[in-house]
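One structure below.
Scope of the values below: all heavy atoms of this structure, side chains included, with no hydrogens, waters or symmetry mates. Both ligands and their constituent atoms are indexed starting at 1 by order of listing. Keep in mind it's a predicted model, so treat the numbers as computed, not measured.
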Amino acid sequence: MILDDMSRSVLVLFVIPVLLCAWPGAYVSAEDGYDLWLRYPPVGIELRAEVASHATAIVIPATSAPTAETAITELRTGLSQMLGIDVPTRQTIVDGAILVGTPDSNPLVSGLELPLDDLGDEGYLIRSLQVSGTKITVIAAKSEVGLVYGVFGLLRLIQTGQDIAALDMVNAPKIELRLLNHWDNLDRHVERGYAGQSIWDWWRLPGFVDPRYTDYARANASIGINGAVLNNVNASAQVLSARYIAKAAALARVFRPYGIKVFLSVRFSSPVELDGLKTADPLNPAVRDWWKAKATEIYEHIPDFGGFLVKANSEGQPGPQDYGRNHADGANMLAEALDPHGGVVMWRAFVYAQDNPEDRVKQALNEFKPLDGEFADNVLVQVKNGPLDFQPREPFSPMFGMMPETQLMMEFQITQEYLGFSTHMVYLGELYREVLAADTFVRGEGSTIARVIDGTLHGYKRTGIAGVANIGSDRDWTGSIFGQANWYAFGRLAWNPDLSSRQIAGEWLKMTFSTDPEFVGAATEMMMRSREAVVDYMTPLGLAHIMGTGHHYGPAPWVSDLDRPEWNPYYYHRADSEGIGFDRTSQGSNATAQYAAPVASRFSNLETVPEEYLLWFHRLSWDFQMRSGRTLWEELLAHYDNGVAEVEAMKAAWMSLKSYVDPGRFKKTAQYLDIQLEEARWWRDACIAYFARQSGKSLPEGARPPDRSLEYYMSLEFPYAPGN
Ligand code: GCW
């Protein structure tokens with residue numbers, strides 16, 4: 001049958017969607033997770049007419065700049081798919097139209113005299129209005145990228161089934177730099193990546209521009225992410241060669257209309273490695289000139305280049321200390337090169353040294369505190385959320401709040417290096433919120449981490465937050481369906497660190513699967529308990545860093561023979577017949593003294609320390625009486641058991657939701673939960689077997705003994721674990 005264009009559009013836009021909606025068991029195409037939270041399934045029949053009456057047309061000027069064009073295309077795509085009609089664009093207002101524009105680009109918008117002053121460069125306003133008797137919805141912003149965010153904001157309301165008849169909202173990001181950090185190497189291996197290879201096909205760039213880059217940009221823009229550091233912080237100097245700058249420029253061209261800037265991780269010794277300079281000493285004039293020329297070269301190709309991320313004098317990376325200089329000398333030299341072009345330097349604070357006998361968790365603040373106030377205005381110091389390294393749970397890093405003269409930005413990890421890789425369901429919205437809501441007390445009560453990093457506590461001019469990406473070449477982007485929720489939650493919290501993690505989980509579920517309240521309720525519960533579950537079956541009561549050496553997969557609390565003391569799990573728990581835990585009170589390493597007095601005293605005092613941090617700060621006998629009345633040994637077991645039971649409950653919850661989820665995504669998640677359950681049991685059994693041996697304690701009455709011997713668990717090896 002040959003269809004003319006008209007009939008074809010009728011079929012595609014009206015008939016097929018209607019048929020599909022009338023047949024509940026059908027899916028538009030096999031779902032494989034590629035579409036993330038931007039699937040735009042047809043709006044339920046009961047809401048469709050209502051939504052359609054507020055989306056009769058999109059009103060835009062005759063010509064628009066590329067970023068506004070992005071906003072319009074996204075709005076049209078989303079609405080047309082959800083409503084099953086082709087929503088037209090036009091230049092004049094009609095009843096039920098959506099007017100999209102900035103006052104500068106559209107007189108219809110400026111004529112409305114909307115209160116846009118407080119929206120900043122990226123915020124938006126959405127309002128339902130009557131204009132001379134015609135009802136319209138306006139999406140307005142001062143800048144075009146604000147329109148992109150506004151469009152995704154309106155689409156989200158529709159996707160999550162909210163009423164759009166009487167809208168009046170303003171929304172602006174609280175943090176300026178909202179970035180993904182890709183730990184992607186130029187050979188496409190992703191350090192700590194569990195979702196396949198790097199999505200950057202470096203070799204074929206810039207000639208071949210994979211359409212996937214556009215989808216990446218769309219997904220990020222839809223949650224407010226506005227920058228991407230393309231390459232690993234363990235950086236190759238090559239990324240600054242002319243060849244690679246051209247490749248990065250090709251990506252920047254794709255991202256630009258979505259408001260996303262490109263950043264690069266740079267290797268401090270690049271002048272030596274790329275151009276044979278004798279030194280990379282930051283105070284050497286030839287070195288300074290080299291970086292200035294390099295910055296100029298980059299900006300010629302990428303005029304809106306964001307800046308550099310630097311890991312220096314950390315885990316073997318070169319840095320200013322190789323030349324007797326300090327972190328500020330290094331950062332400021334790069335900052336000087338970028339400043340004329342508007343770029344920033346993000347200098348990482350993840351430093352600790354093998355030859356430093358000091359407690360590892362104290363080293364970063366010790367090293368950076370004397371430099372407070374020394375960093376240039378376009379430098380941000382990027383701090384991991386905890387003082388150790390992305391554990392299932394850590395207390396917040398004491399750097400937050402303690403360096404008021406330095407612009408600190410947050411580094412979260414989205415990829416699950418220490419949390420079971422992509423096969424464990426762990427909703428990190430909970431972890432992020434726990435950190436952001438933590439109170440540093442540095443300026444009295446309410447001095448939360450969120451207020452440190454949004455700049456309000458210390459009056460920062462520049463603010464930022466970064467998430468180490470969990471994205472790779474897998475079809476579903478993150479190696480698992482529920483891993484997408486962590487990317488989503490990171491973006492939403494980067495935009496507004498005060499959002500509730502429960503609300504974000506609900507939003508994501510509705511957009512990703514179904515708006516059915518039964519589904520959303522049960523699946524939200526499952527996600528919300530998943531983070532505590534992983535803490536319980538891996539590192540309860542403040543334990544940390546007891547994962548397998550190198551790959552960090554599975555339990556290995558017994559490791560105690562590595563050269564670097566602080567790489568040994570034993571360093572962190574010190575379990576023996578006397579007790580367990582790391583004494584960080586004034587009797588021990590005194591790490592507690594790095595926090596503001598009220599926090600220090602809360603953590604130091606056994607009466608007040610939160611039990612979830614108990615063994616992080618205290619070393620206690622196995623018979624120590626816990627608040628539950630159990631001994632510490634019994635309590636530890638109870639947590640391990642609870643972790644396993646929680647995964648069992650998560651699995652059961654998921655199985656009960658089968659009718660709401662398409663077969664592909666359902667089955668994948670179910671299989672992953674089986675893996676998670678098996679591994680939760682492995683974690684429990686291996687840790688219990690080991691701690692029983694160290695303590696000399698037998699298992700309490702009724703406790704299930706480990707399935708295998710400790711020797712068996714200790715003998716396991718994982719030579720091909722990914723991400724290593
Ligand atoms: O978490 C550790 C990882 C390293 C990583 C390092 C860092 C990129 O095990 O793989 O290196 O932290 O954050 O620099």
State whether the shortest distance between N or O atoms of [X] and N or O atoms of ligand 1 falls below 3.5 angstrom.
X: Asn234; answer: yes
X: Arg348; answer: yes
X: Asp389; answer: yes
X: Arg192; answer: yes

Students should be able to answer this: which protein heavy-atom is nearest to [atom], and at what distance?
atom: atom 6 (C) of ligand 1; value: Glu315 OE1, 3.3 Å
atom: atom 14 (O) of ligand 1; value: Lys311 NZ, 2.6 Å
atom: atom 10 (O) of ligand 1; value: Glu191 OE2, 2.4 Å

| query | Does some non-hydrogen atom of Val468 fall short of 4.0 Å from ligand 1? | reply | no
| With a 4.0 Å cut-off on heavy atoms, does His552 reach ligand 1? | yes
| query | Within 45° of the axis and under 6.0 Å from the centre of the six-membered ring of Phe603, does NZ or CZ of Arg584 qualify? | reply | no
| said: Using a 4.0 Å cutoff against the non-hydrogen atoms of Lys384, which atoms of ligand 1 qualify? | reply: 1 (O), 2 (C), 6 (C), 7 (C), 12 (O), 13 (O)
| message | Heavy-atom distances under 4.0 Å decide this one: backbone, side chain, both or neither, for Val233 against ligand 1? | response | side chain
| request: State whether a side-chain donor-acceptor pair under 3.5 Å links Trp290 with Asp275. | output: yes
